[in-house]
There are 2 protein chains.
Amino acid sequence: MPAATDALDKVLALSLLVGRDLERFERTERMTTPRVHLLWQLGAGGPSTQRDLAHALDVSPRNITGLVDGLVASGHVTREPHPTDRRATLVTPTAAGAALFAALQHSHAALAERLFGHLDEQRLGAFVTALDDTLDRFPTPLEQSA
Amino acid sequence: MPAATDALDKVLALSLLVGRDLERFERTERMTTPRVHLLWQLGAGGPSTQRDLAHALDVSPRNITGLVDGLVASGHVTREPHPTDRRATLVTPTAAGAALFAALQHSHAALAERLFGHLDEQRLGAFVTALDDTLDRFPTPLEQSA
DNA sequence: TATTGTTATACTCTATAACTATA
DNA sequence: TATAGTTATAGAGTATAACAATA
């Protein structure tokens, strides 16, 4: 029952809630989590090579081929020729892909409001500060495992 | 930049850290996430029928067959006859399975300490209370999607 | 030579539907 | 009839290794 374990358990319960929300979104959009992540990355980072996507998602290049295949089939992205490197392709969101990214952003913000909107400014500030202090103790999370 | 979105993003970053920690554990133990979850459930709830495990993990009964097959092959569980229902089996941890569960618990507690041990009692208390208030707004998370 | 992406192959997780053995 | 678990089948995500085209 140390309070630290209690805090971790509650954080995990919360992220489970977030996961459920994402699942609901995916069901209505006929989408899967890895494809949503790729589309999110594309929306945040703009058209990218498959190599860059493989790095960003921390997944093998072969895997990106499959995910992009699926997103091409569903009409969310296209493979465009890279302007200077003829080996590479630029994975580019279609209008439908961009619309889905916008919907994701909206859903994300709405969930955040639903989860934390009830906390007054001071409590929310203290909450975020505590998270910052915790995250600061782990240098470059994504590189840590490399 | 609303603070609510900021809070959600940081919670997700934190749960990503936790996920990385679990992955490291799984690599060293030659284990997968679904099997770890099953083993955790078994450790927490004691020997269980596959039907109960399917409910607890929110997964199809067929899927449990596969996960248990894998855990039997790796020597972490056995299928024991149910004392009163000859249709059912009691999935039961072996010594190795129980040891792995203990290691999981230990790793979980150590991670919690590493993440939150630096916060003083008052800040940690406020953090947990904020999480409680947030979680209380979502009645029975697991049933919500049903 | 090194890099980008694909084909070939394989394994795990996941689901539904049909089936067997029991309740 | 209903329930517990398995076989059959299918699809998505994941990986490594070998290969083609290009740098």
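In what follows, chains are A, B, ... by sequence order, proteins preceding strands, each numbered from 1. Since we're looking at a predicted model, the values are computed, not measured.
When the nearest nucleotides of DNA chain D are assigned to A:R35 and B:A88 by heavy-atom distance, the more 5′-ward of the two goes with B:A88.
By the side-chain hydrogen bond (donor to acceptor under 3.5 Å, both in side chains) test, B:R86 pairs with no residue at all, sequence neighbours left out. Listed by chain and residue number, nothing satisfies the salt bridge (Lys or Arg N to Asp or Glu O under 4.0 Å) test with B:R51 (two or more places apart in sequence, or in another chain). Legend: residues meeting salt bridge (Lys or Arg N to Asp or Glu O under 4.0 Å) with A:D52, ordered by chain and number and at least two apart, are absent.
Between the side chain of B:T28 and the backbone N or O of B:E26 there is no donor-acceptor pair closer than 3.5 Å. B:T134 places a side-chain N or O within 3.5 Å of a backbone atom of A:L115 that can act as its donor or acceptor partner. Panel note: side chain A:S74, backbone A:G70; a donor-acceptor pair is recorded below 3.5 Å. Side-chain N or O atoms of B:T94 include one that pairs as donor or acceptor with a backbone N or O of B:H76 at under 3.5 Å.
The CG atom of A:L131 lies 10.5 Å from the CG atom of A:D136; values are rounded to the nearest 0.5 Å. Between the CZ atom in A:R79 and the CD atom in A:Q50 there is a gap of 4.5 Å [rounded to 0.5 Å]. For the atom pair CG (A:L100) and CE (A:M31), the distance works out to 5.0 Å, reported to the nearest 0.5 Å.
On the nucleic acid side, DNA chain D has its first and last nucleotide under 4.0 Å of a heavy atom of chain A at D:dA12 to D:dA23, going 5' to 3'.
Computed from coordinates, the B:I64 CD1 to C:dT12 P distance equals 16 Å when rounded to whole Å. Atom C1' of nucleotide C:dA2 and atom CZ of A:R51 are separated by 12 Å, given to the nearest angstrom. Rounding to whole angstrom units, CG of residue B:L57 and C1' of C:dC13 are separated by 12 Å.
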Nucleotide by nucleotide, 5' to 3', does protein get under 4.0 Å of the base (B), only the sugar-phosphate (S), or neither (-) in nucleotides 14-22 of chain C, counting heavy atoms?
-> BBB----BB
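When heavy atoms are screened at a 4.0 angstrom cut-off, A:T65 is found touching base atoms of the nucleic acid. Among the atoms of the strands shown, none is found under 4.0 Å from any heavy atom of B:T33.
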Could you walk me through whether A:L135 and B:L17 pass the side chain to side chain contact (heavy atoms under 4.5 Å, CB included) check?
-> CA-CA 9 Å; A:L135 291 169; B:L17 278 184; 3.9 Å; yes
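Fit an axis to the five pairs at each end of the helix from C:dG5-D:dC19 to C:dA23-D:dT1 and the two axes sit 0° apart, to the nearest 10 degrees.
Taking only side-chain nitrogens and oxygens, A:T89 never comes nearer than 4.0 Å to OP1 or OP2 of C:dT4.
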